Amino acid sequence: MALPRSIRRTNPITLVLAAVLSFGFLVFLFAPSSNPGAVLNAKRKIANAAAHPLSPPTAPFVKPDASLNGLSKPPPVVHYHLNNVTTTADPVGNQETVLILTPLARFYQGYWNNLLALSYPHSLIALGFIIPKTKEGNAATVALQAAIATTQQGPEGKRFASVTILRQDFDPPISSQDESERHKKDNQKARRAAMSRARNSLLFTTLGPSTSWVLWLDADIIETPPTLIQDLAFHDKPVLVPNCFQRFTNEENKPDTRPYDYNSWQDSQVAADMARDMGPEEIIFEGYADIATYRTLMAMTADRSESRNQQAIIPLDGVGGTALLVKAEVHRDGAMFPPFPFYHLIETEGFAKMARRLGWGCFGLPNYFVYHYNE
Amino acid sequence: MLTEPSSRIGSSRGPSQLYDEGDSFYYVFPSIRSTFMAILTLGLISSSDVEQLQLETVRYYDLSDSGGTARGWEHEERVLMCAPLRDAESHLPMFFSHLHNFTYPHHLVDLAFLVSDSKDNTLQLLSQMLTDLQNDPDPKQPFGEISVIEKDFGQKVNQDVESRHGFAAQASRRKLMAQARNWLLSAALRPTHSWVYWRDADVETAPFTILEDLMRHNKDVIVPNVWRPLPDWLGGEQPYDLNSWQESETALALADTLDEDAVIVEGYAEYATWRPHLAYLRDPYGDPDMEMEIDGVGGVSILAKAKVFRSGVHFPAFSFEKHAETEGFGKMAKRMQFSVVGLPHYTVWHLYEPSVDDIRHMEEMEQERRNRENEEKERVERMKKIKEEFNDQGSQWEKDKNAIDGISQKEDQIRKEHDAAMAAQEEKGPAAQAGKEPAEGAASKNSKASKESKDLKGLKDIKDAPDATEGKGTKNANTEGTANDGKAEEAKVVKIT
């Protein structure tokens, strides 16, 4: 059925109409967005982001344009001014970035909720996780990715600057994470050596050039004050550990708390003598009845009263890693978690020793609590 | 089962290629996108979601993908190349010529530099050369991620050769070097790296295939032998890096006696460790693939699997088992049961920078050369003078000869007169006269000959003299030369021990 000649595409009216429409379309496309604030914000975020996927994992990056079919411009030359990376008592005021590192075996929603509740600006927080490649680890990864997806697409103020998920390249020595199995002394050395390797792998691949503070936070820490980072950084110490407790219901069916982490301590002469008589491969573990070290355990010196001085601070020789704030320069100097007996110490306790060998002091807050999940 | 976001960088990237992209690209784009989004979603999605579409905040990596294999280039394994720099401006052109020549696929190599406490133009030159490298029109030239890290440690230790190698300065210098290396590595290591290659800027000659050559051995930590060329008067070549060694009983016993913070630094007479050094085992015609287990490693050129560093092995900036920096790194890697290997017959050549001793010695040699030239000049002059004197004497001799001739002529005349007189007398007694005459002739002849021989002898004495002085001169020079050779040897010994 033939169209009337008047509305064929050669008709001048059609042409004029088409021209007007395309002009309107172009104006519509290229006109500044109706919400300039959002665009500015987006621009700022893009300016902070790395221009290339090959970039430090502590910052987001601009996705490569899919239309380029994988071909892209060579990465730019990027200068990092580490002289300007500060660690001060006022981290928020100085816009200091915090890298929160978590070796993850199980995903606890309580952990994630606590993380989201942190009052430190999330745009200054990068997250790093390392997860073993086990069945349990796979389940944890799925749960974690779901939580991340929700958060990173949720309200802007809650989004973290970047998230890195690593899968471990070695098998954990024992598959069971049961509380009883995990604390058997025979298993301790192998378990903590593997944990050290996991911590080191996570740390040295995600630290990057702009991190000011590293907060080690175990996946089973489900309750901390929302101001955790600010409160710890306030003391301006190279290595600082709060006291890790656990909430439980006591015999009288009342909520109560008990010490959980015994790895934060001050050394004793007994332990020092013990170490001197030990073979090079032996380790002194804390928290076992048959090794009486007479060390001063921070867990035992806590004041749990309401009127306690939360800012009380003590020097330590060994630290636990359930929650631990470290100035990035301590790690940059080389302080890591020894996966071998280092002065008869391993993992976080060995880390404290290594930090002290490098001239950094370790401290603890006996009256400032974080809480461990209760199995 | 697991969702792996598209952010798995590096595992499936083709060779890097250039395309034109204006800076405005990023800035125009959001506006278009937001407008599109507004159309498509009728404004239901707020524009704060816009950057979400372009910014990736989540990265997922499986570290077992970056374990490192013998033929990494076939598996697109990424290499982090680390170079600590301080006042290295003069070495950069050489360093970049090595980079250009690397045969390992460049887009798989990420470069990280730490520029610390530099007083020269290192930083500016480095940025310029890196920018040129990344903008090279040859798509095979640009490298991967480039990080230039600026950090000053307030270095008080001087970098010049003399103070660098003085024993007393070693321990604290090595600790500072270790610190610099750790800062560089911790800022630049990424989950995508399978290998880490440490390379000093002052390597003069190295095979272009060094990454592949070292990688093929599939060891956790591997180092080549490091020598340096020398001027002929110092022997032509010399082992340079003495930090690659095998542990010895003597050294272990020594370590036990030392203070907790003491650092054994190999290559100094202060500690006689009797360790087998990789450097001394070099045979120029040996099998370059031959391996040797070592305990301490030198830092000029180290290839290590990234998992070694991920596990926590680093360059101790404290006394670790009585060692620091690269030697401590080797010790720590061994402590964690990693394989640490050196290649005695595979050599890279460190730049020869004359030490203060060498410079002094070269000045002495120069002075000596000048002395010898002066001597030569003097000798020539003396010869000339002597020759002139000889000519004088020749004429004197001529005069003497003439004088003698004159005398003998006179004698002849006298004799003739005498003969004439005798002839007159002959008639009286010819027999007596005949007996007298030959005796007299013989006497005069004799005196003439003796005089002549005496003159000849004098001439010969004079002729001998310059020879003698010359001979003595050369002999002197020779003894001095040997003395210098001796000194050169000594300098070497000082450096070697």
Side-chain angles (χ1 to χ4, degrees), chain A residues 29 32-33 35 38-39 41-43 45-46 49 53-55 57 60-63 68 70-75 77-83 138 141-142 145 148 152-153 156 162-169 196-197 200-201 204-205 207-209 331-334 336-340 357-358, chain B residues 1-3 9 13-14 16-19 21 26-27 30-32 34-35 47-48 50-52 54-64 67 110 127 130-131 134 142 144-152 179 182-183 186-187 189-191 307 309-312 314-318 335-336:
Chain A
L29 262 187
S33 166
N35 187 348
V39 171
N41 201 5
K43 275 186 186 172
K45 281 214 159 182
I46 285 171
L54 289 175
S55 53
F61 61 91
V62 178
K63 278 185 201 171
L68 292 168
L71 304 177
S72 62
K73 208 171 160 175
V77 179
V78 190
H79 286 254
Y80 300 103
H81 306 273
L82 263 75
N83 289 324
N138 290 347
T141 310
V142 172
Q145 282 176 325
I148 291 169
Q152 295 303 87
Q153 285 161 21
E156 193 165 343
S162 80
V163 186
T164 308
I165 305 167
L166 303 181
R167 300 306 297 273
Q168 225 162 271
D169 54 346
S196 300
R197 287 192 64 185
N200 292 335
S201 299
F204 289 112
T205 52
L207 188 58
H331 285 312
R332 291 189 210 280
D333 270 357
M336 50 82 163
F337 302 90
F340 54 88
R357 292 286 286 126
L358 286 161
Chain B
M1 176 191 60
L2 293 175
T3 51
I9 313 154
R13 269 165 30 91
S16 301
Q17 276 184 17
L18 282 172
Y19 78 97
E21 176 195 80
Y26 293 125
Y27 297 101
S31 160
I32 303 174
S34 65
T35 317
S47 56
S48 67
V50 165
E51 82 273 10
Q52 182 63 31
Q54 299 149 63
L55 287 189
E56 183 60 75
T57 58
V58 185
R59 293 165 166 93
Y60 178 97
Y61 307 99
D62 187 341
L63 292 179
S64 42
D110 296 328
S127 324
L130 282 172
T131 310
Q134 291 306 85
E145 184 187 359
I146 313 276
S147 318
V148 179
I149 291 152
E150 299 165 36
K151 168 68 186 174
D152 297 322
Q179 198 186 11
N182 292 337
W183 277 66
S186 61
L189 188 66
R190 308 273 178 262
K307 71 175 181 198
F309 291 103
R310 288 202 297 262
S311 302
H314 62 280
F315 301 93
F318 57 93
R335 190 77 173 81
M336 294 194 205

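These numbers come from the heavy atoms of this one structure, side chains and all, not from hydrogens, waters or symmetry mates. Within every chain, numbering begins at 1; the chains are lettered A, B, ... in the order of the sequence lines, protein sequences first and strands thereafter. Small disclaimer: the values here were computed from a predicted structure and weren't measured.
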### Task
Could you pull out the closest heavy-atom pair between A:L358 and B:A317, with the gap in Å?
CD2-CB, 3.7 Å
### Summary
Scanning both residues in full, the closest heavy-atom pair of A:G208 with B:R190 reads CA-NH1, 4.2 Å
## Note on the structure
d(A:N83 CG, B:D152 CG) to nearest 0.5 Å is 4.5 Å
### Task
Determine, step by step, whether A:F204 and B:R310 satisfy the side-chain contact (heavy atoms from CB on, under 4.5 Å) criterion, reporting the C-alpha distance in whole Å, the side-chain angles of both residues, the deciding distance to 0.1 Å, and the verdict.
CA-CA 6 Å; A:F204 289 112; B:R310 288 202 297 262; 5.8 Å; no
#### Entry: Side-chain touch B:L55/A:V62, heavy atoms, less than 4.5 angstrom
yes
### Task
Rounded to the nearest 0.5 Å, what's the gap from CG on A:D333 to CZ on B:F315? Could you check?
14.0 Å
## Note on the structure
Exactly one candidate in A:I165, A:T164, A:L166 meets side chain to side chain contact (heavy atoms under 4.5 Å, CB included) with B:Y60; the answer is A:I165
#### Entry: A:I148 versus chain B, the contacting section by heavy-atom distance below 4.5 Å
side chain
#### Entry: Side-chain heavy atoms of A:Q168 within contact of B:L63, under 4.5 Å
no
### Query
Would you find a donor on one side and an acceptor on the other, under 3.5 Å apart, between the side chain of A:D169 and the backbone of B:K307?
no
### Query
If we only count heavy atoms from C-beta on, is the A:F61 to B:E56 side-chain gap below 4.5 Å?
yes
### Where A:P339 and B:S311 come nearest, the two heavy atoms and their spacing
CG-O, 3.7 Å
#### Entry: Any donor-acceptor N/O pair, A:H81 side chain to B:E150 backbone, under 3.5 Å
no
### Query
Between atom CZ of A:R332 and atom OG of B:S186, what is the distance when rounded to the nearest 0.5 Å?
5.5 Å
### Message
Is there a side-chain contact (heavy atoms from CB on, under 4.5 Å) between B:S64 and A:R167? Walk through the geometry before answering.
### Response
CA-CA 8 Å; B:S64 42; A:R167 300 306 297 273; over 6 Å; no
### Query
Heavy-atom distance under 4.5 Å between the side chains of B:F309 and A:T205, does that happen here?
no
### Task
Any chance you could lay out the side chain to side chain donor-acceptor pair (under 3.5 Å) test for B:R59 and A:S55, step after step, and finish with the verdict?
CA-CA 11 Å; B:R59 293 165 166 93; A:S55 53; 3.1 Å; yes
### Query
Between A:R357 and B:F318, which heavy-atom pair has the shortest distance, and what is it?
O-CB, 3.9 Å
#### Entry: Between B:V148, B:T131, B:L130, the one whose heavy-atom pairs under 4.5 Å with chain A are most numerous
B:V148
